[in-house]
Number of protein chains: 2
Amino acid sequence: MRERPLILLVDDEEDIIDLLQYNLQKENFDTIAAKDGAEAVDLAVQETPDIIVLDIMMPRMDGLEACKRMREHSTLRTVPILMLTARSEEADQVVGLDTGADIYLTKPISLPVLISQVKALLRGSSRYDTPADLIRILDLEIDRDRYVVRRGNSGKAVRLARKEFDLLYFFASRPGKVFSRQDLLDRVWGRDVYVVDRTVDVHVRKIREKVGEHYIETIKGVGYRFIDTFQ
Amino acid sequence: MRERPLILLVDDEEDIIDLLQYNLQKENFDTIAAKDGAEAVDLAVQETPDIIVLDIMMPRMDGLEACKRMREHSTLRTVPILMLTARSEEADQVVGLDTGADIYLTKPISLPVLISQVKALLRGSSRYDTPADLIRILDLEIDRDRYVVRRGNSGKAVRLARKEFDLLYFFASRPGKVFSRQDLLDRVWGRDVYVVDRTVDVHVRKIREKVGEHYIETIKGVGYRFIDTFQ
DNA sequence: CGCCATGTTAGGTAATCGTTAACTACGAAA
DNA sequence: TTTCGTAGTTAACGATTACCTAACATGGCG
């Protein structure tokens with residue numbers, strides 16, 4: 001999940017959208033909005049929100065149909081959907097839930113309840129998240145699952161060759177610690193691989209080229225290290 | 001999850017327990033019951049139910065306290081909790097949700113609504129461990145029922161052989177993640193099948209031929225992956 | 001200046017991958 | 001039964017890429 005969870009609000013009444021956006025943003029959520037079902041499905045596919053608040057009565061495509069379509073999308077399959085409607089009859093509520101919604105709230109809505117319910121749903125889905133196998137350090141994100149490195153500001157993924165990635169990953173897991181070339185050969189290349197130690201230099205060069213110059217420092221006469229994040 | 005999901009019902013009024021047990025069992029759920037919070041926590045720890053229906057007002061330990069204790073247990077962390085109470089005031093509802101409940105229903109309860117809500121909660125949690133029958137990703141539609149893949153624009157169904165399909169399906173359910181050939185053999189072919197790892201190459205080739213070249217990427221020195229839809 | 005450690009570049013080589021073709025196994029059709 | 005087609009696997013070989021090395025450049029320091 002993002003630092004600030006993204007909520008998709010779907011309602012054809014602008015007043016309600018405004019009210020919800022204002023209050024949810026005050027609670028530190030990011031929001032996007034759609035004013036009918038068709039627009040909602042498109043936006044949801046594009047943005048993969050962390051939660052969807054969906055009104056039922058809408059023009060073009062109603063909330064039930066939108067809910068069904070979203071549930072067919074693999075990327076939206078696990079996104080909690082909160083249905084919101086003026087119709088409080090039991091039958092509607094049952095249909096809404098059976099269509100794939102997780103929760104059904106009836107208007108008039110209480111903002112504190114809605115907000116608590118949104119938080120509960122987020123809590124519920126975050127319980128299943130498996131942490132990604134990645135190191136965040138400085139403005140870098142070194143992702144072992146995807147074998148890429150991202151720079152914070154741009155977010156663009158940089159592809160490294162295998163040895164480059166392994167070497168950077170090794171350094172970044174031990175920031176500040178200095179390793180001799182022989183240490184690195186032993187621990188990244190492997191104990192029984194015999195290559196000249198200057199090989200390390202070349203790989204450091206390539207990492208600096210692709211990721212940035214200042215992450216790996218040269219310690220003259222000793223070796224290299226990832227810059228110390230505590231200084 | 002079990003074939004018949006297990007529901008833990010917690011309420012100090014026997015009439016309500018009986019009513020719920022009768023109706024939930026009719027819907028093919030297994031049920032167990034506790035009549036106060038302390039008993040509920042013990043039973044929940046012992047049995048790890050698939051869902052917990054929890055009344056708030058109870059002797060010995062109320063539902064809020066029980067909810068908090070359950071959430072502290074690692075095995076109960078992901079079990080959905082549905083709170084049930086006579087007090088319909090907003091403030092109570094907010095407290096209940098903030099304590100760790102996923103849903104709050106007020107008495108008098110409607111059985112159809114409760115049942116739909118229980119099913120929605122189960123669906124919600126099963127979404128995380130059961131793969132979808134239909135994956136939509138990029139312009140692909142990967143249909144597990146029909147064992148075919150459709151490309152968005154043309155809509156034409158491409159028929160894949162079983163291994164080809166299974167492999168593509170495995171990749172597409174984990175976009176962006178890199179797998180070594182051995183990972184793929186273990187997880188798509190099966191742990192105790194011994195074939196040379198270059199077999200994967202040939203199947204990847206066939207998928208690229210039939211479905212398109214750019215869906216599965218080669219990560220040299222590491223393996224393959226479905227292209228990352230987030231980049 | 002001259003020395004030494006590191007930076008930088010380029011090219012050969014070894015590893016890895018793509019691609020094709022052949023072999024086996026199996027089931028369906030003739 | 002034979003024959004054919006499809007699926008799965010393996011092997012072989014050419015193409016591509018990563019890796020390593022060596023050679024030269026640079027820069028700090030005595």
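Heavy atoms only: backbone and side chains are in, while hydrogens, waters and symmetry mates are out. Here is how names work: the chains are called A, B, and so on, in the same order as the sequence lines, proteins then strands, and each is numbered from 1.
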Mind listing the N/O atom pairs, protein and nucleotides 3-7 of chain C, below 3.5 Å?
residue: C:dA5; atom: O3'; partner: A:Gly221; partner atom: N; Å: 3.3
residue: C:dT6; atom: OP1; partner: A:Gly221; partner atom: N; Å: 2.8
residue: C:dT6; atom: OP2; partner: A:Arg181; partner atom: NH1; Å: 3.3
residue: C:dG7; atom: OP1; partner: A:Arg208; partner atom: NH1; Å: 3.0
residue: C:dG7; atom: OP1; partner: A:Thr218; partner atom: OG1; Å: 2.6
residue: C:dG7; atom: OP2; partner: A:Tyr224; partner atom: OH; Å: 2.8
residue: C:dG7; atom: N7; partner: A:Arg198; partner atom: NH2; Å: 3.0
residue: C:dG7; atom: O6; partner: A:Arg198; partner atom: NH2; Å: 3.1

Sort me out a list of protein N/O and nucleotides 21-25 of chain C N/O pairs below 3.5 Å, or just none if empty.
none

Please list, one pair per line, the donor and acceptor atoms closer than 3.5 Å that link side chains of residues 189-197 of chain A to other protein atoms, with sequence neighbours excluded.
none

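Ion pairing between A:Arg60 and A:Glu39 fails under the 4.0 Å rule for side-chain N and carboxylate O.
Under 4.0 angstrom from either OP1 or OP2 of D:dG8 there lies no side-chain N or O belonging to B:Trp189. When the side-chain nitrogen and oxygen atoms of A:His203 are compared with OP1 and OP2 of D:dA18, none of them lie within a distance under 4.0 Å.
B:Phe179 meets the ring pair (Phe, Tyr, Trp, His ring centres under 6.0 Å) test with B:Phe170; sequence neighbours excluded. The side chain to side chain contact (heavy atoms under 4.5 Å, CB included) test applied to B:Asp201 returns B:Arg181, B:Arg198, B:Tyr224, not counting sequence neighbours. Residues satisfying the side chain to side chain contact (heavy atoms under 4.5 Å, CB included) test with A:Ala120, not counting sequence neighbours, are A:Gln117, A:Arg123, B:Leu97. Partners of B:Arg136 according to the side chain to side chain contact (heavy atoms under 4.5 Å, CB included) rule, which considers only residues two or more places apart in sequence or in another chain, are A:Glu72, A:His73, B:Leu134, B:Glu141. By the ring pair (Phe, Tyr, Trp, His ring centres under 6.0 Å) test, B:Phe171 is found to be paired with no residue, residues two or more places apart in sequence or in another chain being considered. Legend: residues meeting ring pair (Phe, Tyr, Trp, His ring centres under 6.0 Å) with A:Tyr22, ordered by chain and number and at least two apart, are absent. A search for side chain to side chain contact (heavy atoms under 4.5 Å, CB included) contacts involving A:Gln21 returns A:Leu9, A:Ile17, A:Gln25, A:Thr31, A:Ala33, not counting sequence neighbours.
In this structure, A:Glu209 atom CD and C:dT8 atom P are separated by 9 Å, rounded to whole Å. Straight-line distance from the CG atom of A:Leu184 to the P atom of D:dC19: 15 Å, rounded to whole Å.
Non-hydrogen atoms lying under 4.0 Å from DNA chain D are contributed by B:Ala161, B:Arg162, B:Lys163, all within residues 158-169 of chain B.
Applying the side chain to side chain donor-acceptor pair (under 3.5 Å) test to pairs two or more places apart or on separate chains, those with a residue in residues 209-218 of chain A are A:Asp139-A:Tyr215, A:Arg151-A:Tyr215, A:Glu164-A:Lys210, A:Arg205-A:Glu209, A:Arg208-A:Thr218, A:Glu217-A:Arg225.
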